[in-house]
Amino acid sequence: MTKIFETPLYPYQRSPDQDTGAATRHPVVVIGAGPVGLAAAIDLAQQNIPVVVLDDNDKVSFGSRAICFAKRPLEILDRLGCGEPMVEKGVRWDTGRVFFDEAETYSFSLLNETGHKKPAFINLQQYYFEEYLVNRLRELQAEGKPVDLRGENKVTALADNGDHVRLEVDTPEGPYLLEADWLIAADGANSPTRRMLGHDFAGRVFEDNFLIADVIMEADFPSERWFWFDPPFNRGQSALLHKQPDNVWRIDLQLGWDIDREQEMKPENVIPRLKAMLGEEAKFELEWVSIYTFQCRRMERFRYGRTLFVGDAAHQVSPFGARGANSGLQDTDNLAWKLKLVLEGVADERLLDSYSYERVYGAEENILNSTRSTDFITPKSDQSRIFRDAVLTLAQEHAFARPLVNSGRLSVPCTYDGSALNGPDDANLPNATRPGAPLKDAESGSGWLLDRVGNQFQLLTFNAHAPDVVNVDGIKISRLDLPASDDLNARYLGDAKSAVYLIRPDQHIAARWLEFDEAAVKAALNTAIGK
Ligand SMILES: Cc1cc2nc3c(=O)[nH]c(=O)nc-3n(C[C@H](O)[C@H](O)[C@H](O)COP(=O)(O)OP(=O)(O)OC[C@H]3O[C@@H](n4cnc5c(N)ncnc54)[C@H](O)[C@@H]3O)c2cc1C
């Protein structure tokens, strides 16, 4: 049977742009059809912003890449129209178990409150994730939405000409030229765009190697994340086990720095390692084996002139915490509505600087978490190892030590505290839903809060009088007043009697008050679009 990652999903096709004899101008060009570039294109096309996606390949990616997708990106994917099939195919999980030496240290749940439509996490191979995104893009094309995905279109040269970017693109039938009002660089960790435009990537390289084996086996381990520190089957190192769809299991074994990578990848060396972990009798087949090292680093800014960097092109983290693709989706969620308003002339292009500010802030948080996890997993001195082992031993018996155990702080969305787009806040309302925070989902009546908002500014009101629509210079803010529920009250009202929230198109909170005041709402909207 041909696997999805072997099938050209967007084979090369000649584009009319190749026959014009001049560079055709497009409002938005995205370089890279990885998870982040595809999500950006879907978001824009869904809102009728014409977008061309160029990729040097014609297939979804394969190999040891993302498997864990977190609740917030799944909520974003619902807004993009493709969250459901991913959750249906994926393996849902919310429990993690930590082992030290031979014993279980403790377990934890990632979803400690009810009333959320999406699970805390699903595990889904990145090739399936990308396939669902390509399917969604094809659906949009069938609906006549303006999106063009061009396989085997490799960008070979770039120039920012002030009011547009000029691209040279190579294809199986030779090169052609394009121009973009705005360029989205989603071309991955080695980003040729970053290099061609002469920008830096600063951060830290971790001296460690991890063996990833994706194995096909029938096994009755539960759908949980299991993490071992110093287990008998991989002494002095760590190990991780995750279940994926189709009976594929991800096994991640730390190897240390000084290894012979080629030797370690040979099946005759991999299989005994896996048998030591799974038992001599375990029956499995290797789907994919690779060795990775990682870095925690980012660009100084994510906007340079007419180019906006997203995903791995802008920032990289270690896989512990699953913050790579998950945070890349939050980049595009933050960017798409801002770019739309700028292209429509409703907002000034300075609004795009807030994309850089807010997502650099998010990337810093991710890099900090990812670096801390890595330092705990791989102590850099004897003292650090003694501390770590003491914490792990204490955590078995004593709850106070458990928060100190760090096997990877798993991806959560960022609250944009300090963003210039944040408007007023009333401190009597719950802290978790303050300006800058993403909306917290909640059940309401027969539906979900997050299914009712998205892609536009909205007013969410609780026991407050407000008009159904407020118009501000070309932007329509419609009002959403949902049936009360315990979850809504707890998350948005707390002890207050009433509340009014201004919600951004990316479902982050812009401002909130106890009562509706039209002048205040209009002023907050202007703040939220950078005016
Ligand atoms: C072992 C491992 C485990 C991981 N686990 C997780 C996880 O569980 N959860 C998670 O969220 N993340 C995880 N990640 C990270 C995740 O894989 C990446 O963050 C994600 O792939 C980044 O997506 P992207 O679209 O930014 O870049 P990429 O997926 O790298 O896509 C870039 C695209 O750009 C194209 N391209 C490059 N150059 C050009 C060019 N010149 N012209 C045209 N196209 C070009 C490439 O062909 C590619 O299709 C993991 C990574 C690794 C290595």
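Considering only heavy atoms from C-beta on, I259 stays 4.5 Å or farther from W257 through its side chain. The side-chain heavy atoms of I42 and T332, taken from C-beta on, include no pair separated by under 4.5 Å. Side-chain contact between R297 and R204 is absent, with no heavy-atom pair separated by less than 4.5 Å. Looking at I509 and R504, their side chains never come closer than 4.5 Å, going by heavy atoms from C-beta outward. In this structure, the side chains of P119 and V87 come closer than 4.5 Å at one or more pairs of heavy atoms. Taking the side chain as every heavy atom from C-beta outward, L124 and P245 approach each other to under 4.5 Å.
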Give the C-alpha distance, both sets of side-chain angles, the deciding distance and a yes or no for side-chain contact (heavy atoms from CB on, under 4.5 Å) between L410 and R225.
-> CA-CA 11 Å; L410 288 143; R225 176 186 196 261; 4.0 Å; yes
Test side chain to side chain donor-acceptor pair (under 3.5 Å) applied to S419 and E358, step by step | CA-CA 7 Å; S419 169; E358 292 184 338; 2.6 Å; yes
Could you go step by step and tell me if V289 and L211 meet the side-chain contact (heavy atoms from CB on, under 4.5 Å) rule?
-> CA-CA 7 Å; V289 174; L211 174 82; 3.7 Å; yes
Could you walk me through whether L274 and I251 pass the side-chain contact (heavy atoms from CB on, under 4.5 Å) test, one step at a time?
-> CA-CA 8 Å; L274 297 179; I251 294 167; 3.8 Å; yes
Report the C-alpha separation of Y361 and R359 in whole Å, then their side-chain angles, then the decisive distance to 0.1 Å, and conclude whether the side-chain contact (heavy atoms from CB on, under 4.5 Å) test is met.
-> CA-CA 5 Å; Y361 189 82; R359 292 313 302 160; over 6 Å; no
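We find that R150 and D58 are not joined by a salt bridge, their nearest charged nitrogen and carboxylate oxygen being 4.0 Å or further apart. For K59 and E130, the salt-bridge test fails: no basic side-chain N is under 4.0 Å from an acidic carboxylate O. Comment: R491 engages D487 in a salt bridge, judged by a side-chain N to carboxylate O separation of less than 4.0 angstrom. Using a 4.0 Å cut-off between a side-chain N of Lys or Arg and a carboxylate O of Asp or Glu, K154 and D170 do not qualify as a salt bridge. Residues R434 and D417 are paired through a salt bridge, judged by an N-O separation under 4.0 Å between the basic side chain and the carboxylate.
The CG atom of L80 lies 5.0 Å from the CG atom of D43; values are rounded to the nearest 0.5 Å. Distance check: R14 CZ to T171 OG1 gives 7.0 Å after rounding to the nearest 0.5 Å. L133 CG to R136 CZ: the interatomic distance, rounded to the nearest 0.5 Å, is 10.5 Å. Atoms OG and CE, from S356 and M299 in turn, are 9.0 Å apart once rounded to the nearest 0.5 Å. Considering CH2 of W93 and NZ of K243, their distance stands at 14.0 Å, rounded to 0.5 Å. The CD1 atom of I67 sits 4.5 Å away from atom CD of Q244, with the distance rounded to the nearest 0.5 Å.
Classified by interplanar angle (parallel below 30°, tilted 30° to 60°, perpendicular above 60°), the ring pair W249/F221 is perpendicular. Under the 30°/60° scheme for interplanar angles, the aromatic rings of F294 and F320 are found to stand perpendicular.
Geometrically, K71 does not engage F121 in a cation-pi contact defined by less than 6.0 Å to the ring centre and at most 45° from the axis. Seen from the ring of F201, R194 counts as a face-on cation partner, given the 6.0 Å and 45° thresholds.
Remark: the backbone N or O of G324 is paired with a side-chain donor or acceptor of S327 at under 3.5 angstrom. Judged purely by atom type and a 3.5 angstrom limit, E168 has no side-chain atom pairing as donor or acceptor with the backbone of A157. Here the side chain of E443 pairs no donor or acceptor atom with the backbone of H116 at under 3.5 angstrom. Looking only at distances, a side-chain donor or acceptor of S370 sits under 3.5 Å from a matching main-chain atom of S318. Using modelled atom types, one side-chain atom of R388 and one backbone atom of I377 make a donor-acceptor pair closer than 3.5 Å. Of the possible polar contacts, none joining the D246 side chain to the V248 backbone as a donor-acceptor pair under 3.5 Å is found. Looking only at distances, a side-chain donor or acceptor of N153 sits under 3.5 Å from a matching main-chain atom of G151. With hydrogens and angles disregarded, a donor-acceptor distance shorter than 3.5 Å links the side chain of H508 to the backbone of G436. Between the side chain of R273 and the backbone N or O of K275 there is no donor-acceptor pair closer than 3.5 Å. A donor-acceptor pair is defined here as one N or O able to donate and one able to accept, closer than 3.5 Å; such a pair exists between the side chain of N326 and the backbone of C68.
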Distance-only donor-acceptor hits, side chain of residues 397-405, under 3.5 Å, sequence neighbours excluded:
unit_1 : atom_1 : unit_2 : atom_2 : d
R402   : NE     : A395   : O      : 2.7
R402   : NH2    : A395   : O      : 3.1
R402   : NH2    : Q396   : O      : 3.3

Would you list the atom pairs, donor with acceptor, under 3.5 Å between side chains in residues 280-287 and any protein atom, with sequence neighbours excluded?
unit_1 : atom_1 : unit_2 : atom_2 : d
E287   : OE1    : Y127   : OH     : 3.3
E287   : OE2    : Y127   : OH     : 3.4

Extract all donor-acceptor atom pairs below 3.5 Å that involve side chains of residues 228-242 and protein atoms in other chains or at least two apart in sequence.
unit_1 : atom_1 : unit_2 : atom_2 : d
D230   : OD1    : R235   : NH1    : 3.3
D230   : OD1    : G236   : N      : 2.6
N234   : ND2    : S238   : O      : 3.0
N234   : ND2    : Q254   : O      : 3.0
R235   : NH1    : D101   : OD1    : 3.3
R235   : NH1    : D230   : O      : 2.5
R235   : NH2    : D101   : OD1    : 2.8
S238   : OG     : Q254   : OE1    : 3.1
H242   : ND1    : N123   : ND2    : 3.0

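A side-chain contact (heavy atoms from CB on, under 4.5 Å) with L54 is found for exactly one of L167, V30, D187, D148, namely L167. For the pairing with P413, the side-chain contact (heavy atoms from CB on, under 4.5 Å) check across E365, E75, Q330 returns one residue only, Q330. Checked options D333, L77, D441; the residue passing with R72 is D333 (criterion: side-chain contact (heavy atoms from CB on, under 4.5 Å)).
Aromatic pair F69/F129: centroids less than 6.0 angstrom apart. Proximity of the aromatic rings of F302 and H315 is defined here by a centroid distance below 6.0 angstrom, and this criterion is met.
Other residues, nucleotides and ligands place more than 12 heavy atoms under 6.0 Å from the CD atom of Q263. Counted within 6.0 Å of CD on E218, heavy atoms from surrounding residues, nucleotides or ligands total 12 or fewer; the atom is thus considered open. Atom CG of D258 is surrounded by 12 or fewer heavy atoms from other residues, nucleotides or ligands within 6.0 Å. With a 6.0 Å radius and a threshold of 12 heavy atoms from other residues, nucleotides or ligands, Q13 has its CD atom at or below the threshold. Within a 6.0 Å radius of NZ in K89, other residues, nucleotides and ligands contribute more than 12 heavy atoms. With a 6.0 Å radius and a threshold of 12 heavy atoms from other residues, nucleotides or ligands, R138 has its CZ atom above the threshold. Counted within 6.0 Å of CD on E139, heavy atoms from surrounding residues, nucleotides or ligands total more than 12; the atom is thus considered enclosed.
Side-chain contact check for Y292 and D252: at least one donor-acceptor pair (N or O, by modelled atom type) lies under 3.5 Å. Side-chain atoms of E264 and N269 include no donor-acceptor pair closer than 3.5 Å.
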